[in-house]
Amino acid sequence: MRKVEKLAAVIVLILLAFVYGHVHKTHAIYDRMIENDQYVMMDVSQDQISQEFVCEEETLDGIQVKCQNLQEDPETEIRIYLQDCENGETVAESVKKAGDIKAGKFNEFSFDTVSSCRGKAYKVVFEKDSIALYAEKTSEEGTNLKINSEESEGTLILKTVTYRFDIETFCVFLLLVLYICVFFQFLNWLFSR
């Protein structure tokens, strides 16, 4: 009976680790080594700001962008569009209330899952005068920042978001549980002498 209980406990732990392993995985398109004080705020008087990037994941569930709210009315809707660079088609759209934007923080704009994204170029389009966006001063490889349809030097402080199973998180969780079990076994052995 003791073996059955242990086997059931192991199965439950593996299932918990599997559920815990499903995370919102992010990939930064900017240089993460640059300090925050070197970011610049984009000129918000522009008609349109867009950022092109190449997706590293098979699916895309949203973006996180460092921004600041410029709307006084917290009910104002802020819209972003995700476009396929090959054909210019809008593949996703996200709406967020201005009152939900946290100043100077990464704000997530979620949308319906876009599939078959790995290696494809996409463009995120931000509407005029809705939010102030932060950027680094240099353009990263595979990115293209445009202000009013004209290329500009720099890269938005932006991350792609994919909800998926992450093997690293799964393994770390299992190793942590294994470590705790071994540690308690050691303590039990040490104090039972």
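No experiment lies behind these values; they were computed from the predicted model shown.
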State which residues pass side-chain hydrogen bond (donor to acceptor under 3.5 Å, both in side chains) with Lys120; sequence neighbours excluded, sorted by chain then number.
Asp84
Please determine whether side chain to side chain contact (heavy atoms under 4.5 Å, CB included) holds for the pair Glu52 and Lys146, giving the CA-CA distance in whole Å, both sets of side-chain angles, and the decisive distance to 0.1 Å.
CA-CA 8 Å; Glu52 293 180 13; Lys146 290 185 179 178; 3.6 Å; yes
Applying side chain to side chain contact (heavy atoms under 4.5 Å, CB included) to Leu156 and Phe126, what does each step give before you reach the verdict?
CA-CA 11 Å; Leu156 291 181; Phe126 298 88; 3.6 Å; yes
Ignoring hydrogens, what is the shortest heavy-atom contact between Met42 and Ala135? Give both atom names and the distance.
SD-CB, 3.5 Å
Tell me whether Val54 shares a hydrophobic cluster with Tyr30, the cluster being built from Ile, Leu, Val, Met, Phe, Trp, Tyr side chains joined at under 4.5 Å.
no
Between Arg79 and Glu77, does at least one N-O distance fall below 4.0 Å, as a salt bridge requires?
yes
Side-chain donor or acceptor of Ser94 paired with backbone N/O of Ser110 under 3.5 Å:
yes
For the atom pair CG (Leu158) and CD (Gln51), what is the distance rounded to the nearest 0.5 Å?
6.5 Å
Looking at residues at least two apart in the chain, or sitting in another chain, which of them share a side chain to side chain contact (heavy atoms under 4.5 Å, CB included) with Glu141?
none
Do Phe53 and Asn144 have side chains that get closer than 4.5 Å, going by heavy atoms?
no
Please evaluate residues Glu136 and Ile157 with respect to the criterion side chain to side chain contact (heavy atoms under 4.5 Å, CB included), reporting the C-alpha separation (whole Å), side-chain torsions for both, the decisive distance (0.1 Å), and the verdict.
CA-CA 7 Å; Glu136 63 176 86; Ile157 308 303; 4.2 Å; yes
In chain order, what residues pass the side-chain hydrogen bond (donor to acceptor under 3.5 Å, both in side chains) check against Asp100, with sequence neighbours excluded?
none
If you take all heavy atoms of Gly154 and Leu145, which pair is closest and at what distance?
O-CB, 3.4 Å
Sidechain-backbone polar pair: Thr155 side chain, Glu140 backbone, donor-acceptor under 3.5 Å:
yes
Fellow cluster residues of Ile14, listed by chain then number, with links counted only when side-chain atoms sit under 4.5 Å apart
Val10, Phe18, Phe165, Ile167, Phe170, Leu174
For the student: nearest non-hydrogen atoms of Glu153 and Ser139, plus distance
OE2-N, 3.3 Å
Looking at side-chain heavy atoms only, is the closest gap between Val125 and Gln48 below 4.5 Å?
yes
Please list all pairs passing the ring-ring contact (aromatic ring centres under 6.0 Å, His included) test where one or both residues lie in residues 75-113, with sequence neighbours left out.
none
Is there a donor-acceptor pair under 3.5 Å between the side chain of Asn69 and the backbone N or O of Ala98?
yes
Correct closest heavy-atom pair for Lys105 and Asn107 would be O-ND2, 3.0 Å
Cluster link Leu176 to Phe183, ILVMFWY, side chain under 4.5 Å
yes
Mind checking what makes side-chain hydrogen bond (donor to acceptor under 3.5 Å, both in side chains) contact with Tyr134, not counting sequence neighbours?
Gln68
Testing the basics here: between Ala28 and Lys159, what is the closest heavy-atom pair and its distance to 0.1 Å?
CA-CG, 4.0 Å
Candidate pair Ile49 and Leu133, rule side chain to side chain contact (heavy atoms under 4.5 Å, CB included), full reasoning:
CA-CA 9 Å; Ile49 296 175; Leu133 302 166; 4.0 Å; yes
Report yes if some heavy atom in the side chain of Lys96 is under 4.5 Å from a heavy atom in the side chain of Ile101; otherwise report no.
yes
Using a 4.5 Å cut-off on heavy atoms from C-beta on, say whether the side chain of Leu16 contacts that of Tyr20.
no
Following the transitive rule for hydrophobic clusters with a side-chain heavy-atom cut-off under 4.5 Å over Ile, Leu, Val, Met, Phe, Trp and Tyr, establish whether Ile78 and Val95 coincide in one cluster.
no
Would you mind writing out the side-chain donor-acceptor pairs for residues 56-67 within the sub-3.5 Å range, not counting sequence neighbours?
from, atom 1, to, atom 2, distance (Å)
Glu56, OE1, His27, ND1, 3.2
Glu57, OE1, Arg164, NE, 2.9
Glu57, OE2, His27, NE2, 2.6
Glu57, OE2, Arg164, NE, 3.2
Glu57, OE2, Arg164, NH2, 3.2
Asp61, OD1, Thr113, OG1, 2.4
Asp61, OD2, Tyr163, N, 2.7
Gln64, NE2, Glu108, OE1, 3.2

List, by chain and number, the other hydrophobic cluster members for Val40, where Ile, Leu, Val, Met, Phe, Trp and Tyr join if side-chain heavy atoms come within less than 4.5 Å, directly or indirectly.
none
If hydrophobic residues (ILVMFWY) are linked whenever their side-chain heavy atoms come closer than 4.5 Å, directly or via other members, who joins Val161 in its cluster?
none
Going hydrophobic residue to hydrophobic residue with side-chain gaps under 4.5 angstrom, can you get from Phe184 over to Phe191?
yes
Which residue pairs satisfy the side-chain hydrogen bond (donor to acceptor under 3.5 Å, both in side chains) criterion with at least one member in residues 172-189, sequence neighbours excluded?
none
Nearest atoms (heavy-atom pairs only) where Tyr122 meets Ser116
OH-O, 4.1 Å
Return the set of residues passing ring pair (Phe, Tyr, Trp, His ring centres under 6.0 Å) with Tyr39 (not counting sequence neighbours), or none when no residue passes.
none
If only atom types and distance count, is the side chain of Glu75 paired as donor or acceptor with the main-chain N or O of Lys97 below 3.5 Å?
no
Main-chain N/O of Glu150 paired with Asn148 side-chain donor or acceptor, under 3.5 Å:
no
OG-CD1 distance between Ser50 and Ile80, expressed to the nearest 0.5 angstrom
12.0 Å
Sequence neighbours excluded, the answer for side-chain hydrogen bond (donor to acceptor under 3.5 Å, both in side chains) partners of Asp31 is none
